[in-house]
Amino acid sequence: MSDMLKFVDVGREMPEKRAADERRADFGEIYGEYAREKAAEQSARCSQCGVPYCQSHCPLHNNIPDWLRLTAEGRLREAYEISQATNTFPEICGRICPQDRLCEGNCVIEQSGHGTVTIGSVEKYITDTAWDEGWVQPIKPYAERRESVGIIGAGPGGLAAADHLRREGIQVTVYDRYDRAGGLMTYGIPGFKLEKDVVMKRIDQLEQGGVTMQLNCEVGRDISFNEIREAHDAVIVATGVYKSRDLTLHGSGSDGVVKALDYLTASNKTGFGDVIPEFESGALNAEGRRVVVIGGGDTAMDCVRTAIRQGATSVKCLYRRDRANMPGSQREVQNAEEEGVQFEWLTAPKAFASDLRVTDAGDTGAVAGPVRGVVVERMRLGAPDASGRQMPELIEGSDYMEEADLVVKALGFEPEDLPTLWDQPELEVTRWGTVKADFRTHATAMDAVYAVGDIVRGASLVVWAIRDGREAAEAILAKLSSQATIAAE
Ligand SMILES: Cc1cc2nc3c(=O)[nH]c(=O)nc-3n(C[C@H](O)[C@H](O)[C@H](O)COP(=O)(O)OP(=O)(O)OC[C@H]3O[C@@H](n4cnc5c(N)ncnc54)[C@H](O)[C@@H]3O)c2cc1C
Ligand code: SF4
């Protein structure tokens, strides 16, 4: 303990951040890694609180003070063992958790004005070191079990459950409609926040540990939900939320008005070396274009920063509230501004302006052609709504034209209608379309069917999906064990 409590003498220091000009030119992560001494020094700033608020505000209740102390003492292998005991992918959470809203936002020394302990960066450092040292090994269950679990969706929720179940010797098959596993960690989140080899390394290890990945396999199209249910003792639904919220404004159908996830997926696939026709044709590529992104969440931040890296001539972000009231992380806004993104606060799109294209049917068949810009209305913040948030109000007559050749709509996501898509009316959903599941066990209304992650919570975070996946796996293990006991009696 004597090595700790250094926060009065030692200031908060993040790992080195690459200069904006340099990082604009590639999709590499923007933060470097601590040197060993720096990680120890920063960890030693922890005050080792008796009641650690960082831990209670981490969705995984990571034992943060203990692994900080061990890192400060140079006992990295033990730090890694403790960190990985509660988190399936600590190096991923260390990179992309919004720490300012979770662990670090509740650090006591932050609240005393000394600057939070850099918990996320230390967590990343510990696990990156563990990979380099060969401490992260494929799963080797003590004994194989005959029971099997089918998991639909290879995002963090599904993969965390797969890892947990496989450790107990359960036979696990993960089905995913994409050609690579990882869900939004692979095809949503850009490489400058989470480099793809970090995710792929985990997936390789899960496969080496005996998890079967059935990729390019869409449930409801390539295989039915009932077939999966019949093939396994339990099923976990971990399909995420993919239906984009849309804008139905005049000119919405113009060429060059695209959905955020289509745009980000094309960029991420291109990063893997895939040839994507829509990227090659320019339909989903910002190079040489004036780009306008609509939205103020983290997806919008990822889009604007992707457009900068693709070589857009200008990138503007329209958001209907102000900076203080945007849902996206302030850290990401700052990164975006440093990289050259312009924010147009208190603005909303009214229509998309485009050239008309005449179809074969002549004048009567004229449809919207390439987009030329967004007609924008200015807003002001009015009275608070029921949640206490100030409502944006239109300023009449304030319209202006924001010129653009590519407009990206980043307005959030909703669940697909699984009961209809899978012909499973008994799969109960909420009025928002998310799957209804028990808060602790994640059991749905259907026997032996569980649901985790965004499909239950709505668009959320990787760390919550990991927690759900681990908890559902625990509940399934308990149920399978009790069934085995009853059968043996
Ligand atoms: C652009 C973007 C940036 C984000 N940035 C962050 C961030 O910085 N930090 C953070 O914590 N969170 C971030 N998030 C949120 C985070 O990615 C999600 O909360 C998390 O991935 C949810 O995990 P999941 O396992 O529930 O679903 P997903 O990751 O969405 O995975 C679901 C998987 O199910 C598959 N699937 C869906 N339907 C079927 C079907 N019928 N058959 C077979 N497979 C199917 C999909 O192909 C997908 O692979 C971001 C999200 C987006 C969109
Ligand atoms: S998992 Fe996320 S919230 Fe928990 S300690 Fe790590 S960075 Fe913080």
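Remember, it's 1-based here, ligands and their atoms both numbered in the order they're listed. Predicted model only: the values in this text are computed from it and were never measured.
- Taking the six-membered ring for Trp and thresholds of 30 and 60 degrees, Y242 and Y178 have ring planes more than 60 degrees apart, a perpendicular arrangement.
- For R45 against T116, the heavy-atom pair with the smallest separation is NH1-O, 3.0 Å.
- Within the 3.5 Å criterion, the main-chain N or O of I170 finds a donor-acceptor partner in the side chain of R166.
- A 4.5 Å side-chain heavy-atom check between M185 and P156 finds at least one atom pair inside the cut-off.
- Note that CD of Q214 is 13.0 Å distant from CD1 of I151, once rounded to the nearest 0.5 Å.
- Atom 6 (Fe) of ligand 2 has E123 OE1 as protein N, O or S atoms under 2.8 Å away.
- Figure legend: R180 and F272 shown as a cation-pi pair, the cationic atom lying under 6.0 angstrom from the six-membered ring centre and within 45 degrees of its axis.
- When all heavy atoms of A266 and L284 are compared, the closest pair comes out as CB-CD1, 3.8 Å.
- A cation-pi arrangement is absent between K316 and F343, since the terminal nitrogen or guanidinium carbon is not both under 6.0 Å from the aromatic centre and inside a 45° cone about the axis.
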Give one line per pair: atom of ligand 1, protein atom, distance. Only N/O to N/O under 3.5 Å.
unit_1: ligand 1; atom_1: 5 (N); unit_2: K193; atom_2: NZ; d: 3.2
unit_1: ligand 1; atom_1: 8 (O); unit_2: I96; atom_2: O; d: 3.4
unit_1: ligand 1; atom_1: 8 (O); unit_2: K193; atom_2: NZ; d: 2.9
unit_1: ligand 1; atom_1: 9 (N); unit_2: I96; atom_2: O; d: 2.8
unit_1: ligand 1; atom_1: 11 (O); unit_2: V462; atom_2: N; d: 3.0
unit_1: ligand 1; atom_1: 19 (O); unit_2: D454; atom_2: OD1; d: 3.0
unit_1: ligand 1; atom_1: 19 (O); unit_2: D454; atom_2: OD2; d: 3.1
unit_1: ligand 1; atom_1: 19 (O); unit_2: S460; atom_2: O; d: 3.1
unit_1: ligand 1; atom_1: 19 (O); unit_2: L461; atom_2: N; d: 3.3
unit_1: ligand 1; atom_1: 25 (O); unit_2: P156; atom_2: N; d: 3.4
unit_1: ligand 1; atom_1: 25 (O); unit_2: G157; atom_2: N; d: 2.9
unit_1: ligand 1; atom_1: 26 (O); unit_2: D454; atom_2: N; d: 2.9
unit_1: ligand 1; atom_1: 29 (O); unit_2: L184; atom_2: N; d: 3.0
unit_1: ligand 1; atom_1: 30 (O); unit_2: Y242; atom_2: OH; d: 2.7
unit_1: ligand 1; atom_1: 41 (N); unit_2: V219; atom_2: O; d: 3.1
unit_1: ligand 1; atom_1: 42 (N); unit_2: V219; atom_2: N; d: 2.9
unit_1: ligand 1; atom_1: 44 (N); unit_2: R177; atom_2: N; d: 3.1
unit_1: ligand 1; atom_1: 47 (O); unit_2: D176; atom_2: OD1; d: 2.7
unit_1: ligand 1; atom_1: 49 (O); unit_2: D176; atom_2: OD1; d: 3.2
unit_1: ligand 1; atom_1: 49 (O); unit_2: D176; atom_2: OD2; d: 2.6

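- Heavy atoms only, all atoms of each residue included: G182 and V199 are closest at CA-CG1, 4.3 Å.
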